[in-house]
Amino acid sequence: MEKVFKIRGKEVRVERIESILAVKPFISTAKSFEEVTSLLDPAARRTFEQLKTNYENNDDSFEKFSQAGWIFVSNQEEYSNKNITKSLRGNLESVQNVYRDDFGNIMIDSNNIAIKFDKKTRLKEIKNILDENALKIIRELKFAPNLFDVELSKDEDIIDKVNELNKHDNIIYAEPQMISHISQRLRPNDPFYKEQWHLNNNGNNGGTLGADISIEQAWNINQGRGVKIAIIDTGFDVNHSDIVQSIYQPSAGYFAPNGQFRNSLVGYPDNNHGTFCAGMALPRINHLGIVGPANEAEFIPIACLPVQIGKQSTLARSIAYAANPNLEVSNLTKDKGADVIACSLGPNGADWVMESVLEDAIYYATTKGRNGKGVPVFWAVSNGNYTIDGVDGTDQVSAYDRTISVGRSDKRDMENGSAYGKELDFLAPGVNVFSCKSGNRYGTSTGTSYATPLAAGVAALLLAKDPSLTWSQVRDKMRKSCDKIGGVTYDPSGHHPKYGYGRINAYESIK
């Protein structure tokens, strides 16, 4: 059954997969893929395996859903939500419909809607409208006026409900908050300062002399003291000896699976991807392992979507919280927020529609953060030969004019297979780079994910030198100071679709 609704004013078509349901038992999300699926009886397990065959492009997504505690079961009468399996009956947290969009992405209904009312609508009227539609406020999303995360309390189709709500004169938008696979932008890795060619490339091992970000010259000016960098990822090894010294504990925190924010390092989710990203920006000069470009800056680790499964509204809350922690923690003030934000989440190659709630959060960060000067938001583009195209939906987050999109270059100063287009801002080294890994280890890996926090580290040096800069001035200075690499012809504005404005140069940015 096809359903149509609107995201940021454009039609989105999804297919309801009526033969299955998504079921979430009350079990630990730490369960392995095999442990979760073993709870199913043979008939339901066959249905699950058939789904993997029918939608093989989503094989990784199915495993991630299972790690988050979701099981896909047959929607036939004998396995319906009233009679799923003997092993699960009475032990269910949620039973939801499953959808597939035009790009083949699997989504699960969450019963949640992001709804924004116009500024003239008073709270009493908002509550009346919500009551009339059997909607309950879960939380106010304070990064935009009259924006709420609400829950559908009646047994109604969520897409039909948002279409009904969007006809209301007082509502700017209502969008379903689907649970989807928001993956990490990374590539497989291989097995201290001398290894960090991205900081100081001496031309060895097939590299090109000077194909780095000229950081040593920049350090003669500053090393990022007084600046706070928030990195948003699925988790971090916050006990890594080369990361723990940088952590700005007042604002560090994570979003629990139930959506509640925990302003704590206790129980913090670990993830190798996030750990590697942090190692590209922040490690101190401490004689322990490696060095970050902003090695005197403070690190605000923000974890969300622990197994890459969740709602864009959670990612949006992470962005907004980074800019203003008071939105989630009442005893934290705005000055505890980040000066720079880096995020390397998003599917590789797959079309990714940016929901309005995420756009609102990025807009909030870039307009309200840093006392109105805005927080620069760096975002990793896809890995692979894909276009960044906000019009057709290829990568609307990277294409958004308020994000700073970063691709990857290699040790020969060539672009290396990351997404391209007029929206690409610049490249930063991200191929076989050396950084921190979970378990207090180190190693190499490749991805735009790692180029992005490296660029954010350079932005921290800029703001340490001149805190009066707006977010867009940071972007402009970094664009104008790039080295024109690759032996290609840049257009009159200095841009090339595969190289952006070139490869970042820390010293030229801040001198």
- Message: Using the rule given for side-chain contact (heavy atoms from CB on, under 4.5 Å), can you reason through Trp471 versus Ile404, listing the C-alpha separation, both sets of side-chain angles and the distance that settles it, and then say yes or no?
- Response: CA-CA 10 Å; Trp471 81 268; Ile404 302 173; 4.3 Å; yes
- Message: Once rounded to the nearest 0.5 Å, what's the spacing between atom CG of Leu327 and atom NZ of Lys368?
- Response: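 Going from the CG atom of Leu327 to the NZ atom of Lys368 covers 11.5 Å.
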- Message: Nearest 0.5 Å, please: how far is SG in Cys304 from CZ in Phe261?
- Response: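 One gets 10.0 Å once the value is rounded to the nearest 0.5 Å.
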With heavy-atom distances below 4.5 Å as the criterion, would you say the side chains of [X] and [Y] are in contact?
X	Y	answer
Thr403	Ile362	yes
Trp379	Thr452	no
Leu427	Glu415	yes

Counterpart residues, side chain to side chain contact (heavy atoms under 4.5 Å, CB included), relative to [X] (two or more places apart):
X	result
Glu140	Lys142, Phe148
Val375	Ala323, Ile341, Arg370
Pro325	Ser251, Tyr321, Leu332, Lys336
Ser110	Asn112, Gln177, Ile179, Lys311

Contact summary for [X] and [Y], nearest pair of heavy atoms:
X	Y	answer
Phe236	Pro301	CD1-CB, 3.7 Å
Ala297	Ile229	CB-CD1, 4.2 Å
Ser183	Pro347	OG-CA, 3.1 Å

- Query: Cation-pi between Lys437 and Tyr442: NZ/CZ under 6.0 Å from ring centre and within 45° of the ring axis?
  - Reply: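 No - Lys437 does not lie over the ring of Tyr442 by the 6.0 Å and 45° rule.
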Expected output: side-chain [X] to main-chain [Y] donor-acceptor under 3.5 Å:
X	Y	answer
Gln396	Met354	yes
Ser405	Asp425	yes
Ser153	Ala134	yes

- Please list all pairs passing the side-chain hydrogen bond (donor to acceptor under 3.5 Å, both in side chains) test where one or both residues lie in residues 253-270, with sequence neighbours left out.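 Residue pairs passing side-chain hydrogen bond (donor to acceptor under 3.5 Å, both in side chains), neighbours aside: Asp270-Ser438.
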- Could you walk me through whether Asn97 and Arg16 pass the side chain to side chain donor-acceptor pair (under 3.5 Å) check? CA-CA 7 Å; Asn97 294 323; Arg16 163 92 181 277; 3.0 Å; yes
- Query: Where do Ile129 and Phe117 land on the side-chain contact (heavy atoms from CB on, under 4.5 Å) test, with the steps shown first?
  - Reply: CA-CA 10 Å; Ile129 294 171; Phe117 294 86; 3.9 Å; yes
- In sequence, state the C-alpha distance, the side-chain angles, and the governing distance for Lys3 and Asp160, and then conclude on salt bridge (Lys or Arg N to Asp or Glu O under 4.0 Å). CA-CA 8 Å; Lys3 294 277 187 178; Asp160 291 343; 3.1 Å; yes
- Derivation of the side chain to side chain donor-acceptor pair (under 3.5 Å) call for Thr234 and Asn271: CA-CA 6 Å; Thr234 57; Asn271 183 273; 3.1 Å; yes
In plain terms, say whether [X] and [Y] are close enough for a salt bridge, that is, a side-chain N and a carboxylate O under 4.0 Å apart.
X	Y	value
Asp101	Arg13	no
Asp149	Arg139	yes
Glu11	Lys6	no

- side chain to side chain donor-acceptor pair (under 3.5 Å) between Tyr173 and Asp360, intermediate numbers included: CA-CA 11 Å; Tyr173 68 76; Asp360 274 334; 2.6 Å; yes
Classify the side-chain pair [X]/[Y] by whether it contains a donor and acceptor separated by less than 3.5 Å.
X	Y	answer
Asn348	Tyr386	no
Arg8	Ser356	no
Asn383	Ser418	no

- Task: Sort and list the pairs that fulfil salt bridge (charged side-chain N to carboxylate O under 4.0 Å, His left out) and have at least one residue in residues 233-261, not counting sequence neighbours.
- Result: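 Found none.
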